[in-house]
Amino acid sequence: MKHTKLTVIPALFALGISMPAIAQDAAGEEGRSEGRSSARTTVEPYIEVSQVIAAELSPGNDVVTYTQIAAGVDTSIVGRNNGGSVSLRYERNIAWDDDSVDNDTVSGIARGYASIVPQMLTVEAGALAARTRVDGNGSSTISPLVDSDSESQIYSVYAGPNLSARSGDFTGTATGRIGYTRVESPDALVIAPGVQPVDVFDESTTYSANVNVQSAPGDFLPIGVGLGAGYYQEDVSNLDQRVRDRYARADVTVPVADNVALVAGVGVEDVKLSSRDAVRDEFGDPVIGSDGRFVTDDSAPRQIAYETDGIIWDAGVVWRPSRRTSLEARYGRRYGSETYYGSFGWAPSPRSNVNVSVYDAVQGFGGQLTGALSNLPTEFTAARNPLTGDITNCVGTAQGSNCLNGALGSVRSATFRNRGIAASYGTSLGRLQAGIGAGYDRRKFIAAQNTVLGAANGLTDENIYVAAYLNGQMGTRASFATNIYANWFDSGFDLAGDSFTVGASAAYSRDLGSRLSANAGLGLDHITSDSLLDDVTAASARIGLRYGF
């Protein structure tokens, strides 16, 4: 039997490194090693001119026609000491008879790393720019209808170093991250009578750092031992909310069979969430600014929303039968209650990959989104809506397929405890590339009782999602791309209710010359929401030309 040495990095859930990233690292290690041996760089800039028609099928019958001019670039770098992928697009929509469609949009997604000192010091970074529709119950849907007043723009970026060193039988690692996320305020939120407008997340900055020293089983002792410590903080501009988490812990790894080990850890942790109240008018009602968000009373004292400190622990099992397969599952106590988390990564071939993760964390919208970005693979293909050009929820690659639905499901400003499961599959079959992602995300909101957000404390939003894509070549001169998504959102807020969004799109492209191609696409989107006055169904069609440089 082939033997793979078992090593475990302690307390990953508290280090700003979530389980999907670890699963991809274990399952995709062999594929990335193959990629490093054949370094390559591709840069594909392009310009596009298209004609688009969007028709509202219900509840109205409006038809909007506009011209779309776009420029973009898709880049992939695979090298021995660096790697990354970037998909960036700028577009200008010019309406024929409706000024609401006249707008500029930047969309893109990026993830990469560079080695400063090979095998010792690297710097990694990621970024996202996406257009989304925000509904009255707080749910958000990426790639919205172009002329929606509920349209918003999301920006997120993170960067930081990774340090690794070995001395004798011990390996030391350290990471640092800083991230920033912003959600632009929609022009309007359409809501049903009696429903309170949602306080849309504005911006936040996240900081995290951790250090760990460990030895693998059989190196220093028959069992593996490790010590770790870390710090996480997220500052949310809405009501000056703050999440602060500090921990220190020790871990052991006990081999029980080839490629199987029992793991356990114990430590101490201090978690505190706090915020300020909103400015109040002469009647005691909170003041809402021009952007639709509560105005923070900077002179008010900071109030504790949640606080816990004491012993944390967890125990579980690790199974790593090969470099292509990894399973880790843990159960324990954290945040004053039980916790469970884990991951499964499997690469049945160099061209396909399965990832499953179960997670549990306390954070805000910005922290969850930058964490999701850090879990993306560095070599991917960004799936885009063939009608609007927006990025969709998923990216895919032979070494992993990931979707951002869980992180983008709700844009409420309140901090929360986030639990859920996410699964994805990506494959490349000759001229076909396919991927699917699905998951469940539950956010239990945490807010200080004596503030305007106090009513949100203890309430939950739940999001179930699925997204899939299938792209491929048709002969030597033609290609196609398809996307489909569905999202079920259940809000625990009074009268906010449920929502369901579903959509599909398909596109066809044919080369007309060495650099010029023609393309066409069709799309259908539907939104049902208790917070809306009526359901919305819309269809779109597009035809255009692309010139690649």
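Between R443 and E462 there is no salt bridge, since no side-chain nitrogen of the basic residue lies less than 4.0 Å from a carboxylate oxygen of the acidic one. At a threshold of 4.0 Å, the pair R92-D104 counts as salt-bridged, since one of the basic side-chain nitrogens sits closer than that to a carboxylate oxygen. Ionic pairing of D461 and K444 is not present here: no N-O contact between side-chain nitrogen and carboxylate oxygen is shorter than 4.0 angstrom.
Remark: the backbone N or O of V78 is not paired with any side-chain donor or acceptor of N82 at under 3.5 angstrom. Of the possible polar contacts, none joining the R293 side chain to the D199 backbone as a donor-acceptor pair under 3.5 Å is found. Listed for the Q153 side chain is a donor-acceptor partner under 3.5 Å among the backbone atoms of V106. For the pair E56 (side chain) and D62 (backbone), a donor-acceptor distance under 3.5 Å is absent.
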Requested in this report: Step by step, work out the side chain to side chain donor-acceptor pair (under 3.5 Å) result for R324 and N353.
Outcome: CA-CA 9 Å; R324 292 185 179 273; N353 188 280; over 6 Å; no
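Classified by interplanar angle (parallel below 30°, tilted 30° to 60°, perpendicular above 60°), the ring pair F201/F365 is tilted. Taking the six-membered ring where tryptophan is involved, the planes of F500 and W488 are tilted, since the angle between them lies from 30° to 60°.
The minimum heavy-atom distance linking S115 with T122 is given by the pair OG-CG2, 3.5 Å. Pairing each heavy atom of A71 with each of I47, the nearest pair is CB-CG2, 4.1 Å. Nearest heavy atom pair, residue R177 against residue P161, reads NH1-O, 3.3 Å. When all heavy atoms are compared, the tightest approach of L470 to A434 is CD1-CB, 3.8 Å. In terms of heavy-atom proximity, Y485 sits nearest to T501 at CE1-OG1, 4.0 Å.
By the side-chain hydrogen bond (donor to acceptor under 3.5 Å, both in side chains) test, N238 is found to be paired with no residue, residues two or more places apart in sequence or in another chain being considered. Legend: residues meeting side chain to side chain contact (heavy atoms under 4.5 Å, CB included) with A539, ordered by chain and number and at least two apart, are L57, L524. Under the side chain to side chain contact (heavy atoms under 4.5 Å, CB included) criterion, A478 pairs with M474, Y508, R510, sequence neighbours left out. Under the side-chain hydrogen bond (donor to acceptor under 3.5 Å, both in side chains) criterion, Y547 pairs with no residue, sequence neighbours left out. For R546, the side-chain hydrogen bond (donor to acceptor under 3.5 Å, both in side chains) test picks out E48, with sequence neighbours left out. Applying the side chain to side chain contact (heavy atoms under 4.5 Å, CB included) test to E203 and every residue at least two apart in sequence or in another chain returns Y180, R182, S237.
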